[in-house]
K.L.:
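Structure in structure tokens, see below.
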Number of protein chains: 2
Amino acid sequence: MKRGKIEIKPCTECTVSSNGVFCSVSEKNLGILDQARGSNFYKKGQTIFYEGNHTNGLFCIYSGKVKLSKLGENGKEQIIRFAKTGNILGYRSLLSNDTYHAPATAMEDCHVFLLSKDRFMEILESDPKLSMNIVQLLSNDLKSAEQLLIDIAQKSVIERISESLVLLQKTFGYVNGGKTINVALTRSEIADIAGTTTETTIRTLVQLDKEGIIKLVDKKINILDLQKLIQRAKIYD
Amino acid sequence: MKRGKIEIKPCTECTVSSNGVFCSVSEKNLGILDQARGSNFYKKGQTIFYEGNHTNGLFCIYSGKVKLSKLGENGKEQIIRFAKTGNILGYRSLLSNDTYHAPATAMEDCHVFLLSKDRFMEILESDPKLSMNIVQLLSNDLKSAEQLLIDIAQKSVIERISESLVLLQKTFGYVNGGKTINVALTRSEIADIAGTTTETTIRTLVQLDKEGIIKLVDKKINILDLQKLIQRAKIYD
DNA sequence: TAGTTTTTATGATATATGTCATTTTATTAA
DNA sequence: TTAATAAAATGACATATATCATAAAAACTA
């Protein structure tokens, strides 16, 4: 963990995102954030918080990619959201005074800041712009969750898999401007986004490959025809 | 529509709920609400707002029951939430400056107050307690939506139908302390909660009836053994 | 009250997707 | 580099649930 190599900027000089919830916060409050924040590293595969743990603060991703999932009664995982550099985590549970209900797992090595609940609430109360940002964040999450709900309830597997790929490309983009989706996932994890099994996911990806819509190269997924993929996903918006 | 018979109290004397979002609002702001509110009646089956319509305000249910659904690409409906006396509607779209994404339909005759967006935002900005309530409301909605998502993705039909019945009983209670769920729904609507078809819903309800867990009397559904129903739904929380 | 429409009920059948088993291919560790 | 482990791929088969068809009952409505 060559921590010394990573240059970590203070919150007051943060440039990781242009539309994060803290972007509109005052210089003074950013200073408070700096003093209050703790810093954690997580290796790929590590759990950032466990389902059922009591909420102790807010996480802010400085680098890396995170998946938020939820475990069904049978133990099967459902991925409900992704988070990347500049995003915050844990606010849902924190704000409804709840235990965490969706375990977060590092999809690659992550550098994450932790802000205590008390300190966050303090800044939140003194900054109406921030609370408006949080409201918008929650609204958008709710909108996505409802959309995912209806997709899983009503779409076929190939539509859901296609949609999952579109979501991944929208969220993480391409590897330096190419056609390769900029995130590494196993087939089983893709299954956990689309709400299906690993085998069915493999078969479906192979089918999309044969149709010339995507190209599978090892674990990399290239999107050859995004328009067709969106069509296959029956996304109209 | 014997409107004269219904006694409508001003917001300052509102007693319809003890935990509504406006319950903690100051007397002064309640007065403003009174002056600002418009009043609408909707007959059973009428749509309160349509998907895609531009957001013009916030709805507050004075009496009646409402279902919020979402239409899939194939036109099939998925019910995502219910609202009843004291609940508010339309805040999700309003707060993310969006068109409505979930049409709301009156499940019985409804009396609904309408508050303009501007006036609501005005009160919201002047009342930190209110904005905190809204944050909590959104958090809870998000939690439920994620739960419903994983249920529909992973549970079997009988589990989902059982869970839907438990939800209905929790939300609307029993008809005067008895065993009859205090809401009238068609089998097709129950299917739209559980994310299945009308036929499968009918068969499943008959099965639960045969098992002695519920008792179907015309359109009324009686819950004979709530504990067993919860077990059947695989609800553990 | 009779007639029309909607809802509930039930059977027969189809099918998408899950499950289980096995092989091949990658990835990781020793 | 080899061994060990994990992931991907593919086939055979099972099954839950959808779909289609029809009938019976209930709820409107003229």
Side-chain angles (χ1 to χ4, degrees), chain A residues 43-46 72-78 105 107-109 151-165 181 183-211 214-222 232 234, chain B residues 43-46 72-78 105 107-109 151-165 183-210 214-222 232 234:
Chain A
K43 293 225 70 123
K44 179 177 180 174
Q46 272 194 304
E73 279 316 324
N74 44 22
K76 181 158 170 54
E77 192 175 333
Q78 173 70 45
T105 313
M107 293 164 67
E108 45 185 61
D109 292 3
D151 288 343
I152 288 192
Q154 299 186 2
K155 285 187 177 177
S156 70
V157 162
I158 194 162
E159 288 163 357
R160 269 141 53 201
I161 296 276
S162 302
E163 184 153 38
S164 302
L165 296 180
I181 299 176
V183 67
L185 291 173
T186 64
R187 305 291 135 106
S188 157
E189 282 176 307
I190 296 174
D192 292 341
I193 310 170
T196 180
T197 60
T198 309
E199 295 94 322
T200 300
T201 301
I202 290 169
R203 283 181 241 267
T204 307
L205 287 174
V206 168
Q207 188 189 334
L208 288 169
D209 183 299
K210 277 181 185 154
E211 290 183 21
I214 65 172
K215 179 101 203 102
L216 302 170
V217 186
D218 303 329
K219 288 187 72 169
K220 305 268 174 204
I221 298 174
N222 299 327
R232 219 78 178 69
K234 296 217 177 124
Chain B
K43 294 226 69 120
K44 178 178 180 173
Q46 272 193 305
E73 279 315 324
N74 44 23
K76 182 159 170 51
E77 192 175 333
Q78 173 70 45
T105 313
M107 294 162 68
E108 44 186 59
D109 293 1
D151 289 342
I152 288 192
Q154 301 185 0
K155 286 186 177 177
S156 70
V157 162
I158 195 164
E159 287 163 359
R160 270 142 52 202
I161 296 275
S162 301
E163 184 153 37
S164 302
L165 296 181
V183 65
L185 291 173
T186 64
R187 305 291 135 105
S188 158
E189 282 176 306
I190 296 173
D192 292 341
I193 310 171
T196 181
T197 60
T198 309
E199 294 94 322
T200 300
T201 302
I202 290 169
R203 282 182 242 265
T204 307
L205 287 175
V206 168
Q207 187 188 333
L208 288 170
D209 183 299
K210 277 179 187 156
I214 64 171
K215 178 101 202 101
L216 302 170
V217 186
D218 302 329
K219 291 189 71 169
K220 305 267 174 204
I221 298 174
N222 299 326
R232 220 77 178 70
K234 297 219 177 119

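Every chain is numbered from 1 and lettered A, B, ... according to where its sequence line falls, protein lines coming before strand lines. Predicted, not measured: the structure shown is a model, and the values here were computed from it.
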K.L.:
Closest to the B/D218 side chain: C/dT17, C/dA26, D/dA26?
P.N.:
D/dA26

K.L.:
If you count the non-hydrogen atoms of other residues, nucleotides and ligands that lie under 6.0 Å from NZ in B/K76, is the total more than 12?
P.N.:
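Counting neighbours around NZ of B/K76, more than 12 heavy atoms of other residues, nucleotides or ligands fall under 6.0 Å, so yes.
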
K.L.:
Provide, to the nearest angstrom, the distance between the CD1 atom belonging to B/I161 and the P atom belonging to C/dT8.
P.N.:
12 Å

K.L.:
If you assign B/R160 and B/K44 each to the DNA chain D nucleotide with the nearest heavy atom, which residue ends up on the more 5' nucleotide?
P.N.:
B/R160

K.L.:
Touch check for A/T196, heavy atoms < 4.0 angstrom, all strands: base, sugar-phosphate only, or nothing?
P.N.:
sugar-phosphate

K.L.:
Take atom CD1 of B/I190 and atom C1' of C/dT7, then tell me their distance rounded to the nearest Å.
P.N.:
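So the two atoms are 12 Å apart, to the nearest Å.
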
K.L.:
Could you check how far CG of A/D192 sits from P of C/dG18, rounded to whole Å?
P.N.:
12 Å

K.L.:
Whole angstrom is fine here: how far is it from CD in B/Q154 over to C1' in D/dT17?
P.N.:
18 Å

K.L.:
Please confirm whether the shortest side-chain N or O distance from A/T197 to OP1 or OP2 of C/dG18 is below 4.0 Å.
P.N.:
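The answer is yes; a side-chain N or O of A/T197 sits under 4.0 Å from OP1 or OP2.
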
K.L.:
Report the residue (A/K155 or A/E199) whose heavy-atom-nearest nucleotide on DNA chain C is the more 5′ of the two.
P.N.:
A/K155

K.L.:
Given D/dA7, C/dT7, D/dA9, identify the nucleotide with an atom nearest to the side chain of A/R187.
P.N.:
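Given the options D/dA7, C/dT7, D/dA9, the side chain of A/R187 is closest to D/dA9.
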
K.L.:
Can you name the nearest heavy-atom pair linking B/R187 to B/D218, along with the distance?
P.N.:
NH2-O, 3.2 Å

K.L.:
Could you give the distance from OG1 (A/T198) to CG (A/D192), rounded to the nearest 0.5 Å?
P.N.:
7.0 Å

K.L.:
Using only side-chain N and O atoms of B/T200, determine if any of them is under 4.0 Å from OP1 or OP2 of D/dA18.
P.N.:
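It does, given that an N or O in the side chain of B/T200 lies less than 4.0 Å from OP1 or OP2 of D/dA18.
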
K.L.:
Tell me, please, which residues at least two apart from B/E199 pass side chain to side chain contact (heavy atoms under 4.5 Å, CB included).
P.N.:
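With neighbours one apart ignored, the set is B/T197, B/R203.
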
K.L.:
Using a strict threshold of under 4.0 Å (side-chain N to carboxylate O), is an ion pair present between A/K44 and A/D109?
P.N.:
no

K.L.:
What is the distance, rounded to the nearest whole Å, between atom CD of A/Q207 and atom P of C/dA16?
P.N.:
11 Å

K.L.:
Given D/dT10, is OP1 or OP2 found less than 4.0 Å from the side-chain N or O atoms of A/R203?
P.N.:
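Negative; the distance criterion is not met.
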
K.L.:
Atom CD1 of A/I221 and atom P of D/dA7: how far apart are they, to the nearest Å?
P.N.:
15 Å

K.L.:
Expressed in angstrom and rounded to an integer, what is the separation of A/K210 atom NZ from D/dA8 atom C1'?
P.N.:
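For the pair A/K210 NZ and D/dA8 C1', the rounded distance is 14 Å.
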
K.L.:
Within this structure, what is the CG-to-C1' distance between A/L205 and D/dA7, rounded to whole angstrom?
P.N.:
13 Å

